[in-house]
2 protein chains.
Amino acid sequence: MSISSRFSVAIHILCLLAINKDKVTNTSEYLAGSVNTNPVVIRKVMSMLKGAGLVHVRAGVAGAKLAKKLSEITLLDVYKAVNVVAENDLFSTHEHPNPECMVGRNIQQSLTKQFSAAQKAMERSLEIVTLEDVVQDILQSDNV
Amino acid sequence: MSISSRFSVAIHILCLLAINKDKVTNTSEYLAGSVNTNPVVIRKVMSMLKGAGLVHVRAGVAGAKLAKKLSEITLLDVYKAVNVVAENDLFSTHEHPNPECMVGRNIQQSLTKQFSAAQKAMERSLEIVTLEDVVQDILQSDNV
DNA sequence: TTACATGTAACCATAATAATTACATGTGGG
DNA sequence: CCCACATGTAATTATTATGGTTACATGTAA
C-alpha cells in the first residue's frame, strides 16, 4: 500500500502557487487543471495546507497565496500538513497477539520501537528538502 | 495508509521459529495461535518467506525451520520477502498531470527522486536491525 | 445584488487487506 | 499401501481507505 497521492498533489499545488505568483489567479479550478483532478480535491488539500499555515486562502475570494517563502517550507512540513501518515503509524502491527506466548506478549514493544525508527528516518529525509529545491528541479528540467 | 501487517506477522513467525526451535512443532496452526490469526494467513506468509530463502517448509510435513541464523536475517530481508512495499512505490504520485503546464510536465521527475530517497532512508533503517536484536528485546522484556 | 469562488457534507466506484472456506497435493507412520 | 494430517493455493467475503463527484451553503467584491 502506498502513501496517499494527496501529498504529491499538495507539493504540486504549492510549487504552482510560487511559479504563477503574479501571472494568473490560482483558483481551485485552474490548479485542478494542472494537476488533472477535480477542483474539490484541490480545495480539500488547500484546506489542510491552510490549517498548517502554509497558504492564505479566503472563502469567496479567488486564488491562494503562499504564506511562507519556498525555502522555508520542507517536504516534511507538507507531509505533516496533509496528514498522510499518522504518528508511529507507517507500519501496522498485528492486533492482539496471544499473551500466553512469550513472543506474543512481548513482540509489539520491540516492533513499535524499530518501526518508529524507520519511519523517523524516512521523515528526516523529507525534512532536508525544501520546495525551493523542487522548484529548481522543475525549472531546470524544463530548460533542457 | 499503513504498510501491511504481513510484515509484522512475518517477523513474529520467524522469532517464534527461533525460540521454539526444539520445543514444539511449528505448524501453521500453532503459529496462528500465537499471532492470533488464521492458519491460512500464516501459510501464505510462510510461502513468501520460503520463496526468499528464509525458511524451510515442505508440503505435507508439519513444521517450519529457519534457513539462516537469526543474526543473518535483517528486518529489510523480511520486508522484501513479504513484498509489502514495491520498489519506488512507498509514495504514490498523482497520475497524468497536465503536460501543457510547466509544473505538470516536470514535477513527477523531481518527486520520484525525493520520494525514492525517503523510501531508501527508511529501508536502510530496517537493514541495520537483525532478528537477533528483536529476539533479544523479547527475552529481555519477558524477564523484567 | 449578483456572479463567482471557496468550504464542506454526502455519496459512489474502485482497490486493497485480512479472514475464511474449500479443496488439491504431499508425507510418513502404522 | 493407505490414511490421518499438514501444507499449498484459489476463491469469496467483510471491512476499510481513497479519489472523484455532486450538491449546496457561505463568503466577497464589483
Side-chain angles (χ1 to χ4, degrees), chain A residues 1-10 12-13 17 24-52 54-65 67 82-86 89-98, chain B residues 1-10 12-13 17 24-52 54-65 67 82-86 89-98:
Chain A
M1 218 334 102
S2 290
I3 291 171
S4 170
S5 65
R6 190 161 69 242
F7 181 29
S8 138
V9 170
H12 187 138
I13 291 173
L17 290 186
V24 298
T25 50
N26 296 295
T27 64
S28 62
E29 188 150 2
Y30 170 81
L31 297 170
S34 170
V35 174
N36 187 25
T37 182
N38 192 287
V40 176
V41 171
I42 301 291
R43 295 205 285 270
K44 274 194 272 201
V45 172
M46 198 66 86
S47 167
M48 300 178 106
L49 296 175
K50 179 186 184 179
L54 300 183
V55 297
H56 293 304
V57 213
R58 286 170 56 206
V61 44
K65 293 199 181 313
V82 295
N83 205 31
V84 278
V85 179
D89 203 35
L90 176 59
F91 297 87
S92 41
T93 54
H94 195 79
E95 314 251 288
H96 313 303
N98 189 343
Chain B
M1 210 347 93
S2 291
I3 291 171
S4 169
S5 66
R6 190 162 68 242
F7 181 31
S8 138
V9 169
H12 187 138
I13 290 174
L17 290 187
V24 298
T25 51
N26 296 295
T27 63
S28 62
E29 188 151 2
Y30 171 81
L31 297 170
S34 169
V35 174
N36 187 26
T37 183
N38 192 286
V40 176
V41 171
I42 301 291
R43 295 206 284 269
K44 273 193 272 202
V45 171
M46 197 68 82
S47 166
M48 301 179 106
L49 295 176
K50 179 186 183 178
L54 300 182
V55 296
H56 293 304
V57 214
R58 286 171 56 207
V61 44
K65 294 201 181 311
V82 295
N83 204 31
V84 279
V85 178
D89 202 36
L90 175 59
F91 297 88
S92 41
T93 55
H94 195 78
E95 315 251 288
H96 313 303
N98 189 342

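Naming convention: chains lettered A, B, ... in sequence-line order (proteins, then strands); numbering from 1 in each chain.
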side-chain contact (heavy atoms from CB on, under 4.5 Å) partners for [X], two or more places apart:
X	value
A/V41	A/T37, A/N38
B/S2	A/D89, A/S92
A/S34	A/H12, A/L16, B/C101
B/R6	B/S4, B/V45, B/M48, B/V82, B/V84

Whole angstroms only, please: what is the [atom1]-[atom2] distance between [X] and [N]?
X	N	atom1	atom2	value
B/E95	D/dT18	CD	P	16 Å
B/I3	C/dA18	CD1	C1'	17 Å
B/M46	D/dT9	CE	P	13 Å
B/F91	D/dT18	CZ	P	15 Å
B/H96	D/dG19	NE2	P	14 Å
A/D89	D/dA17	CG	P	10 Å

Spell out protein contact along nucleotides 25-30 of chain D as letters: B when the base is contacted, S when just the sugar-phosphate is, - when no protein heavy atom is under 4.0 Å; keep the 5' to 3' order.
--BSS-
Enumerate the protein-to-nucleotides 11-15 of chain C contacts in which both atoms are nitrogen or oxygen and the separation is below 3.5 Å.
none

From A/Y30 OH over to B/N98 CG, what is the distance, rounded to the nearest 0.5 angstrom?
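The distance works out to 8.5 Å.
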Kindly give the atom pairs (protein nitrogen or oxygen, nucleotide nitrogen or oxygen) under 3.5 Å for nucleotides 13-16 of chain D.
none

Got a sec, which residues hit side chain to side chain donor-acceptor pair (under 3.5 Å) with A/S8, two or more places apart in sequence or on another chain?
none
Runs of at least three Watson-Crick or G-U pairs with DNA chain D, cut-off 3.5 Å:
C:1-30 with D:1-30
Taking DNA chain D as the partner, which of residues 28-42 of chain A come within under 4.0 angstrom of it by heavy atom?
A/T37, A/N38, A/V40, A/V41
Side-chain touch A/L90/A/I3, heavy atoms, less than 4.5 angstrom
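When only atoms from C-beta onward are counted, A/I3 and A/L90 do touch, with a gap below 4.5 Å.
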